[in-house]
Amino acid sequence: MLAHRLRELAFLNAGVRIKISTTAAGDSADYCYAGGLVEFVKYLNENAENLHPLPIYFSKKDIENKLELEVAMQYTTAYDEKLFAYVNSVNTREGGTHLEGFRSAITRAIKLHGKA
């Protein structure tokens with residue numbers, strides 16, 4: 001459980017190296033992902049049939065309002081949705097307005113593209 005969370009934090013903070021070891025079992029792990037969220041999406045979809053080879057990625061920083069947005073996504077042939085949303089590196093499993101707004105924006109963008 002702890003190793004899972006530390007790996008997740010390494011994905012969310014691109015370039016940060018996190019090492020964990022257990023003295024009793026002699027196990028250790030070293031997590032560092034320069035690609036951040038893009039590598040996280042690739043990791044999540046490594047056993048899926050992807051509809052496009054590279055994840056879609058964009059980020060935006062608003063220094064004046066102290067806001068930062070980072071999105072990585074990839075469509076697969078799977079029927080189920082794997083959607084992870086984070087605020088300050090905390091998984092917001094129950095959603096929130098940020099997730100509702102994202103879903104609404106993606107739906108709107110796809111509809112507009114389909115009409116063009």
Side-chain angles (χ1 to χ4, degrees):
M1 183 72 167
L2 180 60
H4 173 77
R5 178 65 179 140
L6 293 175
R7 176 187 290 127
E8 188 178 68
L9 286 171
F11 278 123
L12 294 174
N13 299 282
V16 170
R17 180 172 303 280
I18 299 175
K19 295 182 180 185
I20 184 173
S21 62
T22 58
T23 54
D27 294 333
S28 66
D30 186 1
Y31 306 116
C32 183
Y33 305 100
L37 285 185
V38 171
E39 288 191 54
F40 189 32
V41 171
K42 287 180 181 179
Y43 171 78
L44 292 171
N45 292 333
E46 65 187 357
N47 294 322
E49 184 179 340
N50 301 314
L51 296 179
H52 44 94
L54 298 175
I56 299 166
Y57 174 80
F58 58 89
S59 67
K60 178 72 175 173
K61 290 183 182 182
D62 182 346
I63 297 170
E64 183 179 310
N65 293 311
K66 299 179 183 177
L67 299 173
E68 185 174 346
L69 170 74
E70 192 173 12
V71 174
M73 61 187 204
Q74 187 171 40
Y75 288 97
T76 69
T77 58
Y79 289 103
D80 63 325
E81 174 185 70
K82 284 192 258 182
L83 201 146
F84 300 92
Y86 296 85
V87 174
N88 299 328
S89 296
V90 176
N91 190 339
T92 54
R93 286 181 172 88
E94 295 180 17
T97 56
H98 61 288
L99 187 54
E100 290 175 28
F102 176 75
R103 282 187 169 135
S104 176
I106 289 293
T107 302
R108 190 175 332 110
I110 290 172
K111 282 183 178 180
L112 286 172
H113 182 73
K115 289 181 181 179

Give the minimum heavy-atom separation between [X] and [Y], together with the two atoms involved.
| X | Y | result |
| --- | --- | --- |
| L37 | V71 | CD1-N, 4.2 Å |
| Q74 | H52 | NE2-O, 2.8 Å |
| A34 | A14 | O-CB, 3.6 Å |
| S89 | N13 | OG-ND2, 3.9 Å |
| A48 | T76 | CB-CG2, 3.9 Å |

Determine, using the 4.5 Å side-chain heavy-atom cutoff (strictly less than), whether [X] and [Y] are members of one ILVMFWY cluster.
| X | Y | answer |
| --- | --- | --- |
| I106 | L83 | no |
| Y33 | F84 | yes |
| L54 | Y75 | no |
| I63 | L69 | no |
| V90 | L9 | no |

Inset, instruction - For N88, look at atom CG and say whether over 12 heavy atoms of other residues, nucleotides or ligands are found less than 6.0 Å away. - result: no

Inset, instruction - Count the heavy atoms of every other residue, nucleotide or ligand shown that sit under 6.0 Å from CD of E46, and state whether that count exceeds 12. - result: yes

To the closest 0.5 Å, what do you measure between [atom1] ([X]) and [atom2] ([Y])?
| X | Y | atom1 | atom2 | result |
| --- | --- | --- | --- | --- |
| F40 | E8 | CZ | CD | 5.0 Å |
| N45 | K82 | CG | NZ | 5.0 Å |
| R5 | I20 | CZ | CD1 | 12.5 Å |
| M73 | Y57 | CE | OH | 13.5 Å |

Side-chain donor-acceptor contacts of residues 91-102 below 3.5 Å, not counting sequence neighbours, with atom names and distances?
residue : atom : partner : partner atom : Å
N91     : OD1  : R93     : N            : 3.4
T92     : OG1  : A85     : O            : 3.0
T92     : OG1  : H98     : NE2          : 2.9

Legend entry - Carboxylate-amine/guanidinium proximity below 4.0 Å for K42 and E39: no

Legend entry - Residues that Y43 engages under ring-ring contact (aromatic ring centres under 6.0 Å, His included), provided they are two or more places apart: F11

Legend entry - Set of residues satisfying side-chain contact (heavy atoms from CB on, under 4.5 Å) with respect to D30, sequence neighbours excluded: R17, K19

